[in-house]
Protein chains: 2
Amino acid sequence: MNIGQVAEQAGLPAKTIRYYEDINLISPLRDGNGYRVFRDSDLHKLVFLSRARSLGFSIEECRTLLALYGDKDRASGDVKAVAQQHLHQIEAKILELQAMRGTLSELINGCAGDHRPDCPILKGLAAPLA
Amino acid sequence: MNIGQVAEQAGLPAKTIRYYEDINLISPLRDGNGYRVFRDSDLHKLVFLSRARSLGFSIEECRTLLALYGDKDRASGDVKAVAQQHLHQIEAKILELQAMRGTLSELINGCAGDHRPDCPILKGLAAPLA
DNA sequence: CTTGACCTTCCAGTTACTGGAACCCTTATG
DNA sequence: CATAAGGGTTCCAGTAACTGGAAGGTCAAG
């Protein structure tokens, strides 16, 4: 398989796949003409990476997960630990964004949003609300 | 005021303040010895920036807001539009993270997390859940 | 033989800082 | 007077994870 086909099947841009090779997440073979040749195992890894990235795992977390994925003697506890730590980060981020949303909503609700210059949003940014 | 004092009062690292000058968000004066001299107006802007950044506005959005902040003839509608667009982005991000959390929680719940290699998390990453 | 769709590499840019090196200014102390 | 501490300065490089673009090789079709 060439990069175009594998890109389509994995749902990743070809550029990203080349990048993943650069940072040694995958190691496709090479054809006589210099083209990358992807095996099924490469495709599996790319699908895995695509999924893991879409769940917000960092590249380094993906590297760890991919190593566990390829290790038939892994302990599922190791995988679970990585996943749980990431889940905590997601939850912290959600709380942070919800706090932002709350504050921002308040500011917006107080603003007439017309042609006049008076603006509670700018006031709120200039000095914290009480 | 020197950079140390203004940093403390604005709650921003000195490095960040120098960076904000680099990208022309602020323009402090200079003392004879080359030290930056911050006026009250500079401090106000830095507080404004600190607040806006903590609400997740990008630097370019901050630049826009800062211009509106300094424009006594602004229309509050312009400010509200910027804020509302940002609010939508925050809400979209929250939804995205909540979806991640949901999927990840399911995977984690299905995983024994012990010494055995069998792992639904890795399986779920290798191929999307039904 | 040329056109178009592939593929290749390499370089630069993105966001918003952050760390570190090398060096200057000011003040206090032995 | 030397020096040490605690400011300040600039500049360079690195972070995360790609993405865009240029310049050029390859391949199948008409």
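Within every chain, numbering begins at 1; the chains are lettered A, B, ... in the order of the sequence lines, protein sequences first and strands thereafter. Here the structure is a predicted model, which means the values were calculated and not measured.
Among the heavy atoms of the strands, none lies under 4.0 Å from B/Phe57. Note on A/Ile23: nothing from the nucleic acid sits closer than 4.0 angstrom, heavy atoms only. Base contact: A/Arg18 has a heavy atom under 4.0 Å from a base atom.
Residue B/Arg36 has a polar side-chain atom (N or O) positioned under 4.0 Å from OP1 or OP2 of D/dT9. Dashed line: the shortest gap from a side-chain N or O of B/Thr16 to OP1 or OP2 of C/dT18 is under 4.0 Å.
Projected onto DNA chain D by closest heavy-atom contact, A/Tyr19 and A/Tyr35 fall at different nucleotides, the more 5' of which corresponds to A/Tyr19.
Proximity note for A/Ser58 (side chain, C-beta onward) versus D/dA17, C/dT8, C/dC25: the nearest is D/dA17. Considering only side-chain atoms of B/Pro13, the nucleotide from C/dT8, D/dT9, C/dT18 that sits closest is C/dT18. Side-chain proximity of B/Lys15 to C/dC25, D/dT19, C/dG19: nearest is C/dG19.
A/Arg18 has no carboxylate O lying under 4.0 Å from a charged side-chain N of A/Glu21, or vice versa, which leaves the two without a salt bridge. A salt bridge is defined here as a Lys NZ or Arg NE, NH1 or NH2 lying under 4.0 Å from an Asp or Glu carboxylate O, and A/Lys45 with A/Asp42 fails to meet this definition.
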(request) Check the pair B/Phe38 / B/Ile17 against side-chain contact (heavy atoms from CB on, under 4.5 Å), numbers first and verdict last. (result) CA-CA 11 Å; B/Phe38 295 84; B/Ile17 295 175; 3.7 Å; yes
(request) Step by step, work out the side chain to side chain donor-acceptor pair (under 3.5 Å) result for A/Asp114 and B/Ser76. (result) CA-CA 6 Å; A/Asp114 55 21; B/Ser76 68; 3.3 Å; yes
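In this entry the distance linking CD1 of B/Ile3 with P of D/dG7 reads 13 Å, nearest Å. When the P atom of C/dA12 is taken as reference, atom CG of A/Asp22 falls 16 Å away, rounded to whole Å. Counting to the nearest Å, the P atom of C/dT9 and the CG atom of A/Asn33 are 11 Å from each other. In this entry the distance linking CG of A/Asn24 with P of D/dC18 reads 15 Å, nearest Å. The distance from atom CD1 of B/Ile17 to atom P of C/dT18 is 11 Å, rounded to the nearest whole Å. The CG atom of A/Asp31 sits 12 Å away from the P atom of C/dC7 (whole-angstrom rounding). Distance CD1 (B/Ile26) to P (C/dC17): 12 Å, rounded to an integer number of Å. When rounded to the nearest whole Å, the span between CD of B/Glu21 and C1' of C/dC17 equals 16 Å.
Around the CD atom of B/Glu8, the shell of radius 6.0 Å holds no more than 12 heavy atoms that belong to other residues, nucleotides or ligands.
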